[in-house]
Number of protein chains: 2
Amino acid sequence: MAPQSAPRTARARARDELSREIKDAARRQLAEHGAAGLSLRAVAREMGMVSSAIYRYFPSRDDLLTALIIDSYDALGTAAEQAEAGARRGDFPGRWMAVVRAARRWALARPQEWALIFGSPVPGYQAPSDTVDPAARIPLLVLRICSQATAAGHSPPPGRRPMPRPVRSDMKALGQIVAWQLSEADLARAVLAWTELIGSISFELFGHLHGVVRDYEPYFDYQMRGIGEDLGLVP
Amino acid sequence: MAPQSAPRTARARARDELSREIKDAARRQLAEHGAAGLSLRAVAREMGMVSSAIYRYFPSRDDLLTALIIDSYDALGTAAEQAEAGARRGDFPGRWMAVVRAARRWALARPQEWALIFGSPVPGYQAPSDTVDPAARIPLLVLRICSQATAAGHSPPPGRRPMPRPVRSDMKALGQIVAWQLSEADLARAVLAWTELIGSISFELFGHLHGVVRDYEPYFDYQMRGIGEDLGLVP
DNA sequence: CAACAGTCGAGAGCATTGCTCTTGACAAGA
DNA sequence: TCTTGTCAAGAGCAATGCTCTCGACTGTTG
């Protein structure tokens with residue numbers, strides 16, 4: 001939070017550099033052997049250090065994992081935001097498709113990192129609160145696109161069925177957090193779209209559609225385009 | 001496959017019984033410490049055996065995991081099928097909701113088993129083909145409901161946008177497997193619904209909607225009911 | 001310039017893991 | 001009765017995460 005007031009000493013700089021190198025080595029390990037196969041000793045070996053030295057930088061294996069999780073959320077969020085920024089502002093379906101395609105591309109390039117953040121959580125592990133801001137970047141981006149689309153007069157098909165009171169309450173709270181005026185029904189649709197996005201990519205990565213969908217890219221595009229329509233992004 | 005032709009000797013019966021006990025103990029372990037924390041030694045300890053004895057029954061830890069995965073798929077499929085069988089045949093939205101609620105209930109009662117089959121796959125592990133039949137039970141059930149609904153004249157809203165050729169090809173192949181006549185667009189919607197079902201439950205279990213949805217049961221019901229409508233189950 | 005406090009990497013060590021191999025006891029079939 | 005195959009047990013191997021201690025070094029203070 002508060003910036004390091006003192007000028008960063010050589011020691012501190014070396015420490016940060018080494019922390020980064022450790023994370024890089026760990027990420028390489030992760031990509032090859034998965035989260036379960038991440039070994040502090042192997043990381044230390046790759047860096048020519050002794051295993052105990054790692055503990056000077058990360059007090060436990062889980063802390064290293066947490067750092068990697070935050071980095072992954074941030075990298076994914078950045079990828080999505082950059083792709084979205086490249087689309088014409090008024091082209092709401094295009095912005096949505098840019099986000100989902102960037103997410104899928106990122107996932108295909110780093111399946112283990114994707115599994116790290118969207119796969120099964122490790123049982124004893126409680127995600128620290130530092131992770132929620134990076135994790136919220138994509139859903140917020142989706143909400144922003146929806147909000148600007150409705151502001152531009154692109155309204156989704158009107159909600160057909162009544163929304164139970166607890167759901168309405170949750171969506172109202174969500175609407176107050178993001179401040180933009182979206183109806184509760186539209187907010188619920190957006191959350192569903194986000195779930196669908198993550199679910200579709202995970203299904204491809206985890207092989208749940210093996211033998212059903214052979215050519216995944218057009219399938220993904222087709223489904224996501226339909227979801228974009230359901231979101232009311234297209235007039 | 002082929003039934004054991006010879007009369008089951010006492011030895012063979014004892015062996016099967018012990019295999020079952022090992023799986024039960026492993027399932028208890030799994031529920032407590034998750035898939036990563038499943039230890040053959042701990043299972044053996046709980047059963048008063050020595051660790052090496054387990055290898056007489058399961059040649060490796062992965063084989064034990066595979067057995068557990070198949071059992072979990074089967075248990076989940078059975079739960080969904082039984083719940084669906086309890087609904088009125090002509091009440092297609094009711095049958096859909098019975099399936100999704102049974103799946104969610106099952107998942108909430110056995111989160112670790114859910115994570116085992118729908119969470120991140122272990123990197124080196126390739127699911128053997130024995131798992132695909134049990135895994136297909138719920139999606140086939142969903143397809144059957146959709147098919148019977150259209151046969152009863154409940155047609156989903158007509159597809160608006162063109163389907164790319166590779167997607168159409170995949171869906172056509174899927175339609176030939178399940179033999180019932182469903183349009184390619186309807187098949188795609190059903191696969192999407194299945195993805196959405198698994199994704200929604202996983203999101204709840206893995207905490208991705210923590211702080212957004214406080215009361216998950218009505219939220220889940222609301223979203224699933226909407227998906228049921230999109231599937232055209234209601235006239 | 002000298003003393004001190006804090007940080008660093010190295011190494012030994014502990015409890016644990018999956019898995020292999022050998023050994024001796026036991027039961028089923030010839 | 002004897003042979004053959006199965007069983008649990010135990011020792012052992014190469015790993016793992018993590019802790020502790022011990023010198024060496026660095027940056028700051030007196």
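Keep in mind that the numbers below use all heavy atoms, side chains included, and drop hydrogens, waters and symmetry copies. Owing to the predicted nature of the structure, the values given are computational and were not obtained by experimental measurement.
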J.: Which value, rounded to the nearest 0.5 Å, describes the distance between B:Asp170 atom CG and B:Leu187 atom CG?
T.: 11.0 Å
J.: What's B:Ser52 touching, base or sugar-phosphate or nothing? Going by heavy atoms closer than 4.0 Å.
T.: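 Touches a base.
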J.: Whole Å only: how far is the OH atom of A:Tyr57 from the C1' atom of C:dA10?
T.: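 Interatomic distance, OH of A:Tyr57 to C1' of C:dA10: 13 Å.
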J.: Is any side-chain nitrogen or oxygen of A:Ser39 closer than 4.0 Å to OP1 or OP2 of D:dG17?
T.: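 Result: yes.
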J.: Closer to the 5' end of DNA chain D via nearest nucleotide, is it B:Gly48 or A:Ser60?
T.: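 Residue closer to the 5' terminus by nearest nucleotide: B:Gly48.
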J.: Calculate the interatomic distance between B:Arg15 atom CZ and D:dT6 atom P; express it in whole Å.
T.: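 It works out to 9 Å between those atoms.
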J.: Can you measure A:Phe58 atom CZ to D:dG17 atom C1' for me and round it to whole angstrom units?
T.: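 In whole Å, D:dG17 C1' and A:Phe58 CZ are 16 Å from each other.
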J.: Between B:Arg27 and B:Asp24, is there a salt bridge with N-O shorter than 4.0 Å?
T.: yes
J.: Relative to each other, are the rings of A:His208 and A:Phe203 parallel, tilted or perpendicular (30° and 60° limits)?
T.: tilted
J.: Among the candidates D:dC18, C:dC19, C:dA10, find the nucleotide nearest to the side-chain atoms of A:Met49.
T.: C:dA10
J.: Using atom CG of B:Leu18 as one end and atom P of D:dT6 as the other, report the distance to the nearest whole Å.
T.: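 Whole-Å distance recorded here is 16 Å.
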J.: Separation of B:Leu64 atom CG from C:dT17 atom P, in whole Å?
T.: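 Rounded to the whole Å, the gap is 15 Å.
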J.: In whole angstrom, what separates B:Arg56's CZ from C:dC26's P?
T.: 16 Å
J.: Nearest to the B:Arg41 side chain among C:dG9, D:dT19, C:dC19, which nucleotide is it?
T.: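 The answer is C:dC19.
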J.: Would you indicate, yes or no, if D:dT16 has its OP1 or OP2 atom less than 4.0 angstrom from a side-chain nitrogen or oxygen of A:Arg45?
T.: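 Checking A:Arg45 against D:dT16: at least one side-chain N or O falls below 4.0 Å of OP1 or OP2.
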J.: Check the distance between C:dA12's P and A:Tyr55's OH and give it to me in whole angstrom.
T.: 17 Å
J.: Using atom CD1 of A:Ile54 as one end and atom C1' of D:dC18 as the other, report the distance to the nearest whole Å.
T.: 13 Å
J.: Categorize A:Ser51 for me: base, sugar-phosphate, or nothing, with a 4.0 angstrom heavy-atom threshold over every strand shown.
T.: base
J.: Should the pair B:Phe118 and B:Tyr73 be assigned to parallel (<30°), tilted (30 to 60°) or perpendicular (>60°) ring geometry?
T.: perpendicular
J.: Which residue, A:Arg144, A:Arg137, A:Arg95, forms the salt bridge (Lys or Arg N to Asp or Glu O under 4.0 Å) with A:Glu81?
T.: A:Arg137
